Amino acid sequence: MIVVVPSLVAVLFLVSSVVVGRLADWQVARRAAVACASAATILAVALPWSGGFVPFSPSGRGSGPAFAVLPEGTARLVVVATCAAGLLVVAMSPLASHPPATLARILRLLAVSCGFVAVRHQAVAVVLWALSAWLVWAELRGHDEGRERLDRLFAVYHLPGVLLLGVGTVLSATGWRTAGGALVVIAIMTRFAVVPLHSWYPRFVERAPLGVVVVFATAPFGLLTQLDLPAPLARDLALLGGLTAVVAAVFGVVQTEARRALAFLTMSQTGLVMCGLGGSSEAVSGAVLTWEASALAVSGLAMTLAALEARRGTLSLRVPSGNFARTPRLAVAFLLCGLATVGFPLSLGFAGGHLLIHGSVTGSPAVWLALAGAVGVNGMTVMRCFFALFAGSRTHSGERDLVPLETYALTITIGALLVGGLFPLVP
Amino acid sequence: MSETLQRLLLLSVAGLPLGVFALMGAFAWQGRRRVERAVSTAVALAFGLATAAALTLACVMVGEGRAAVTAPVGTWFGSGESEFHLLLVGDRLSLPFAVLAALLCCLIGVFSRRYLHREPGYLRFYMLLALFGAGVELVTLAGALELTLVGWELAGLSSALLIAFFHERRRPVEHGLRAFLVYRACDVGLLVAVVWLHHTTGSSSVAGTDGAGWALFRVPATRGDALLIGLALLWASMGKAAQVPLGGWLPRAMEGPTPSSAVFYGAISVSLGPYLLLRTESAWSGAPGVRTAIVVVGALTAIHATLVGRAQTDIKSTLAYASMTQIGVVLVEVGLGLRYLALAHLVAHAALRSAQILRSPSLIHDHHHLEQALGGPLPPTGRHLDRVVPRGVRAWLYRYALERGYFDAWLRDHVVGGLTRLVRRAESLDERWARLLSTGSYPREGQKS
């Protein structure tokens, strides 16, 4: 099935990536990218209001591909959240670490993310999955020149991941559902950095441009919405997700570098989402809402971190060494996005986390207790990062607060998180 | 008075402070500078109106002989059997506490107008005070435990941020973080209790009132469920009420501005723990083990805090331990089922202790006044202990008091420190594996990237 709105958004991102990649002036390139992401977000938000789900050619009637204006159910949210996260990324990416070429790759990655929803076909999904991994690998190649190669580490995990997904999809389509499903599960575990296939992720977040990290994380959720795994495998994947949520939460709270703390926090949130997707209907609703909140809130958290890093250099959490008074808006944005990530009340994440934990209780007592613990520990990580980065020092390096472009993107994101928290649309 | 008006009054008790916080937050994000007087007036007025509303409701209830007033706002969100009900309840437990909380916040709002004049964080202080007050009123009036959780978290966050109010100094920041970590660890208990109560009884909203006019939650079917829920609630209340062994954050919390210390750690915030247990008594009273646990925790805290408080050398720490002692005694009363005594004790302690803390900066001045009035030095206290306690035990107790019962060191070195060391070892192995894959060769010991 081909879905029109995500396709239009994907095309818009692709066209703008070509334009942005050719611009020599970095400032102009960023403004062009922001304009494109804004247009895509407006398109993704406004078009659904114009009508419901209208199939042009109901599947099974004609021989050609079916068309629809909008994706069904949870996939509808994926495009909106992806565009909003993309807007935040391009508006807040520091110029020094995100030249036009990188911004163009980010826009291509966003196009790929929308592509997962635009064309609902397993084979296309495999191609898009491979394409997004290749785009990131190409970006990493240009970054690491030392003995330790991040691109090599990335390839070690993602090349087999893509192959396993391809083989698994073929096997599933030819009737070997269990064997194919198992391979798909391993591929998903690799991509989502599920324990024990997670070792690439902390280093990836630590060294890659944060804009790329954020956009790469949003890419595969479109695939999850069309995944059809055998029930036992889905349950195993959910259990591994729960394990990842707990382990990553505990690892995150003891980190001494901000980027690594972000990596484990993201892993933990992803684990929570995966755990919910394999549970009851309430848990699935909670997981989708949690993903929606995470897509925005983690993006906000990561990009405020990137903005602060661009102003201050490497960010350590060993001792509190920031000054809230210098960058009040940046600090507030960091705190609000962080709290929304961990499901703090009055934010979008709260509804998701609430439903997710309530829904998990019918499964296994150990799992929901672990999830409750993980949510609690993730909150500690956020607050620890906030205090370490924005308080504890009289001195400052003269860093400036948010610039208008950053304020614009963060206002939209935080507004969406708060309004979504007050009026959550439960799928 | 009409039902609709009563509901509006009940909603306004929590809604006014929350609305003021939201407005000030929106203005602050826009970067607009507000004059001090407007900020403090808005907050004090919101709490003043909330006090009047709660007081009116209490009078109406007494006048009409009603057991409770409820304000069902609807369902916030939900899926399947899990729905989040917005329900406020004013009964004979919640309304006195709601009046107390709103009144104290109002008075602190007025008091701080001069105390924090020209302080750079003036707006921040008032915003956090409004958020805290809204959180407390939600906890107090919540007719569904999920809503209690919302208020509980808001109160905890604002408390931690106010401890770190003087953010340019490292100590307040570390102490604010410490308080938040304890809160968060204990909040998990409340979350567990909410989910399990909902799972076992089908609802976590109040289901009626008893003969004494106290709102009741549904009773779990089995004693095991009641035990789990009760212990989870006790764990949640231990964090906020600074009970042994988690109470080390309370004396450190006095790093915040004196007005917030007075209202948070002398009065309302530490009282939320016993209040939660009083509110949910119907859910755990079927498990005698919970009563025993509450009495043991409260008694141990009272003994520990009274001992340690006697060895403190600054007035705020002394008052913090005095608060811990009294809250410990209140928990004992809750555990013994003396709920009216516990409620009266909570309210009286909150009023007295917040006044003491507000007055604490003038301690030396007051001391001189008292000595002048007496015509000589104040008589020493605690001499009876010299006669009762043997010398060797006295020395040990003194050391125990100086070290604050060794609880902080035990938590730091063995609980948190042990876990941190274990996680770092596991992480180091993970890092070596990642390095092996990224370099293609096995790294030697101590080799850095």
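Numbers restart at 1 for each chain; the letters A, B, ... are given by sequence-line order, proteins then strands. Remember, it's a predicted structure, so these values are computed and weren't measured experimentally.
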Taking side chain as C-beta onward, heavy atoms only, is A:Trp368 less than 4.5 Å from B:Val192?
yes
Parallel, tilted or perpendicular: ring planes of A:Phe350 versus B:Phe77, cut at 30 and 60 degrees
perpendicular
Mind running side-chain contact (heavy atoms from CB on, under 4.5 Å) on A:Phe390 and B:Val173 for me, showing each step along the way?
CA-CA 10 Å; A:Phe390 293 101; B:Val173 173; over 6 Å; no
Selection from B:Leu149, B:Val194, B:Leu157 maximising heavy-atom pairs under 4.5 Å formed with chain A
B:Leu157
Is it the side chain or the backbone of A:Phe204 that comes within 4.5 Å of chain B heavy atoms, both, or neither?
neither
Interchain contact, A:Leu369 with chain B, by part (heavy-atom threshold 4.5 Å)
side chain
Rounded to the nearest 0.5 Å, what's the gap from CZ on A:Arg203 to CZ on B:Arg435? Could you check?
5.5 Å
Let me confirm one number: the OG1-CG distance from B:Thr439 to A:Leu153, rounded to the nearest 0.5 Å.
9.5 Å
May I ask you to check whether over 12 heavy atoms, not counting those of A:Leu422, lie within 6.0 Å of atom CG?
yes
Proximity breakdown for A:Val250 and chain B, heavy-atom pairs closer than 4.5 Å:
both
For A:Phe387 against B:Ala164, the heavy-atom pair lying closest together:
CE2-CB, 3.5 Å
Applying a strict 4.5 Å limit to non-hydrogen atoms, the region of A:Val342 in contact with chain B is both
Counting C-beta onward and ignoring hydrogens, is there a side-chain heavy-atom pair between A:Met383 and B:Arg184 closer than 4.5 Å?
no
The interface call for A:Val247 against chain B, heavy-atom contacts under 4.5 Å, is neither
For chain A, the option from B:Asp430, B:Val188, B:Leu191 that forms the most heavy-atom pairs under 4.5 Å:
B:Asp430
Test side-chain contact (heavy atoms from CB on, under 4.5 Å) applied to A:Asn323 and B:His167, step by step:
CA-CA 7 Å; A:Asn323 191 311; B:His167 60 88; 3.7 Å; yes
Assess whether side-chain contact (heavy atoms from CB on, under 4.5 Å) is satisfied between A:Phe386 and B:Leu177, documenting all intermediate values.
CA-CA 9 Å; A:Phe386 173 73; B:Leu177 178 61; over 6 Å; no
Which one of A:Asp401, A:Leu335, A:Val319, A:Leu418 has the most heavy-atom pairs closer than 4.5 Å to chain B?
A:Val319
Can you tell me which portion of A:Ser285 sits under 4.5 Å from chain B's heavy atoms? Options are side chain, backbone, both or neither.
side chain
Examine whether an atom of A:Ser280 lies under 4.5 Å from a heavy atom of chain B, and if so say whether it belongs to the side chain, the backbone or both; otherwise answer neither.
neither
When rounded to the nearest 0.5 angstrom, what is the spacing between CD in B:Glu431 and OG in A:Ser199?
8.5 Å
Structural part of A:Ile414 lying under 4.5 Å from a heavy atom of chain B
side chain
Looking at B:Phe180, B:Trp433, B:Tyr183, B:Trp29, which one has more heavy-atom pairs under 4.5 Å with chain A than the rest?
B:Trp29
Comparing B:Glu83, B:Arg124, B:Arg171, B:Glu174 against chain A, the one with the most heavy-atom pairs below 4.5 Å turns out to be B:Arg124
Top contributor to chain B contacts, counting heavy-atom pairs under 4.5 Å, from A:Phe423, A:Tyr157, A:Trp200
A:Tyr157
Going by heavy atoms in the side chains, are B:His199 and A:His358 under 4.5 Å from each other?
no
Out of A:Pro345, A:Ser321, A:Gly286, which one racks up the most heavy-atom pairs below 4.5 Å with chain B?
A:Pro345
Given that the side chain runs from C-beta out, which part of A:Leu339 has a heavy atom under 4.5 Å from chain B: side chain, backbone, both or neither?
side chain
Could you go through the side-chain contact (heavy atoms from CB on, under 4.5 Å) check for B:Thr420 and A:Val253 one step at a time?
CA-CA 9 Å; B:Thr420 305; A:Val253 80; over 6 Å; no
Nearest 0.5 Å, please: how far is CD in B:Glu153 from CG in A:Leu346?
10.5 Å
What is the minimum heavy-atom distance between A:Gly421 and B:Trp76, and which atoms define it?
O-CZ2, 3.2 Å
When the 4.5 angstrom heavy-atom criterion is applied to A:Ala325 and chain B, the contacting part is both
Treating A:Arg149 as the side-chain partner and B:Leu437 as the backbone partner, does any N or O pair qualify as donor plus acceptor under 3.5 Å?
no
Ion pair present between A:Arg326 and B:Glu168, side-chain N to carboxylate O less than 4.0 angstrom?
no
Ignoring hydrogens and angles, tell me if any N or O in the side chain of A:Arg152 forms a donor-acceptor pair with the backbone of B:Ser438 under 3.5 Å.
yes
Where does A:Phe154 contact chain B at under 4.5 Å (heavy atoms): side chain, backbone, both or neither?
neither
Chain B contact via A:Leu425 - side chain, backbone, both or neither, heavy atoms under 4.5 Å
neither
Quick one: does B:Arg424's side chain have a donor or acceptor within less than 3.5 Å of a partner on A:Phe251's backbone?
no
